[in-house]
Peer 1: 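Below are the structure tokens for one structure; questions will follow.
Quick caveat: nothing in here was measured; it's all calculated off a predicted structure. Below, chains carry the letters A, B, ... as their sequence lines are ordered, and counting in each starts from 1.
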2 protein chains.
Amino acid sequence: MSERELRRNLAILPIGTVRELTLLTDRQIRYYEQNQLITPNRGKGGQRRFSLNDVDRLLEIKDFLDAGDSIKDIQEIFEKQRRKSVGQPDSETALRRSLQKEFAQIGRFGR
Amino acid sequence: MSERELRRNLAILPIGTVRELTLLTDRQIRYYEQNQLITPNRGKGGQRRFSLNDVDRLLEIKDFLDAGDSIKDIQEIFEKQRRKSVGQPDSETALRRSLQKEFAQIGRFGR
DNA sequence: AACACATGTCATAAAACCTGACACGAATTC
DNA sequence: GAATTCGTGTCAGGTTTTATGACATGTGTT
């Protein structure tokens, strides 16, 4: 996995931050977790730690729900996405990689 | 400020995460704040919220201290940096901007 | 009418964080 | 060499945040 992807998958955010970033309630976030739409890590004391990818995912979930999809629908949508992107890098990943070198110069994590 | 810079400056991390990311102790982090080497935001209840830039900064501080610089030395170093980068965008920012459009396609925050 | 869904709300407990104070070893200054 | 400064450790006491589980509710579906 690339630097950038790594960073996006770091479990660093408490639920409070995610709440502010997504404008969802704790209840909603936990409910989506309960239904396996997201699977945040847990810190030492058992508290949830979300990644930026989780935040993305939650915003997607929000859109889908607003669009009338049910939780189960969304589960299937995500499942299809997962199956489709198995194995070979998709174009997004390819693009990302092509710019990786440049960005490696930028930002502390890349130093 | 660009999308990317915005994101780097979002105050999203609690001190526990920063502790894990930097391997500093709470005491150290607070002491550096007390000496104005960093100025994290505060959440609603008064708890510190750090940005990714803050994390960068803390890692720099660590390096400087390891290299034998004192807190005051570091204050001056940062002050000089600040003065130098006032006004016009530096090359790093320019590079960032040039790649901004591409990256706007990638990741939720850019959608 | 009964039920499923997505969410609100409340109680209770644990974890994380806050500030302030005192201690301490290693340098530095008097 | 005694006193001071610096960066950090640690502890106490209080506040904030998060966790789980249960019950409630409105909207739509069988």
Peer 1: So A/Arg48, base contact, sugar-phosphate only, or nothing? Heavy-atom distance under 4.0 Å.
Peer 2: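 A/Arg48: backbone/sugar contact only, no base atoms under 4.0 Å.
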Peer 1: Compare the minimum distances between each of C/dA15, C/dT7, D/dT8 and the side chain of A/Gln28, then state the nucleotide with the smallest one.
Peer 2: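 The answer is C/dT7.
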Peer 1: Please give, in whole Å, the distance from C/dT19 P to B/Glu33 CD?
Peer 2: 7 Å
Peer 1: Grab the CD1-P distance between A/Ile29 and D/dT17 for me, whole Å please.
Peer 2: 15 Å
Peer 1: Would you kindly give the CZ-to-P distance between A/Arg27 and D/dA24, to the nearest whole Å?
Peer 2: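 My rounded result for the distance is 14 Å.
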Peer 1: What integer distance in Å separates B/Asp26:CG from C/dA15:C1'?
Peer 2: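 One finds 13 Å between C1' of C/dA15 and CG of B/Asp26, rounded.
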Peer 1: Whether the side chain of A/Arg30 and the base of D/dT20 hold a donor-acceptor pair under 3.5 Å is what I'd like checked.
Peer 2: no
Peer 1: What is the distance from CG of B/Leu65 to P of C/dA26, rounded to the nearest Å?
Peer 2: 18 Å
Peer 1: For B/Gly45 and for B/Thr25, find the nucleotide of DNA chain D with the closest heavy atom, then tell me which residue's nucleotide is more 5'.
Peer 2: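 Its nearest nucleotide being more 5', the pick is B/Thr25.
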Peer 1: If I take atom CZ from residue B/Arg19 and atom OG1 from residue B/Thr25, how far apart are they, to the nearest 0.5 angstrom?
Peer 2: 9.0 Å
Peer 1: Can you see if the side chain of B/Arg42 gets near the phosphate of C/dC17 - specifically, an N or O under 4.0 Å from OP1 or OP2?
Peer 2: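 Negative; the distance criterion is not met.
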Peer 1: Hey, which sits more toward the 5' end of DNA chain C by its nearest nucleotide, A/Gly43 or A/Asp69?
Peer 2: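 Its nucleotide being nearer the 5' end, the pick is A/Asp69.
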Peer 1: So, the side chain of A/Asp73 versus the backbone of A/Ser70: is there a donor-acceptor pair under 3.5 Å, distance only?
Peer 2: yes
Peer 1: I want to confirm an ordering. Mapping B/Gly46 and B/Asn35 to their closest nucleotides on DNA chain D, which one lands closer to the 5' end?
Peer 2: B/Asn35
Peer 1: Expressed in angstrom and rounded to an integer, what is the separation of B/Phe64 atom CZ from D/dC6 atom C1'?
Peer 2: 19 Å
Peer 1: How far does CD1 of A/Ile12 sit from CG of A/Leu52, to the nearest 0.5 angstrom?
Peer 2: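 The distance works out to 5.0 Å.
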Peer 1: Rounded to whole Å, how long is the line connecting atom CZ of B/Arg19 with atom P of C/dC18?
Peer 2: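 Computing the B/Arg19:CZ to C/dC18:P distance gives 9 Å.
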Peer 1: Taking atom P of D/dT20 as reference, at what distance in whole Å does atom CD of A/Gln47 sit?
Peer 2: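 My rounded result for the distance is 9 Å.
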Peer 1: Checking B/Lys62 side chain against B/Thr22 main chain: does a donor-acceptor pair fall under 3.5 Å?
Peer 2: yes
Peer 1: Please determine whether a side-chain nitrogen or oxygen atom of A/Tyr31 lies at a distance below 4.0 Å from atom OP1 or OP2 of C/dG8.
Peer 2: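 False: A/Tyr31 side-chain N/O out of range (4.0 Å or more) of C/dG8 OP1/OP2.
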Peer 1: Does a side-chain N or O of A/Arg49 approach OP1 or OP2 of C/dA16 to a distance below 4.0 Å, or not?
Peer 2: no
Peer 1: Whether B/Tyr32 contacts D/dT8 is assessed here as follows: a side-chain N or O lying under 4.0 Å from the phosphate OP1 or OP2. Is that the case?
Peer 2: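 Result: yes.
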Peer 1: Hey, are A/Asn53 and A/Arg8 close enough side-chain-wise for a donor-acceptor pair under 3.5 Å?
Peer 2: yes
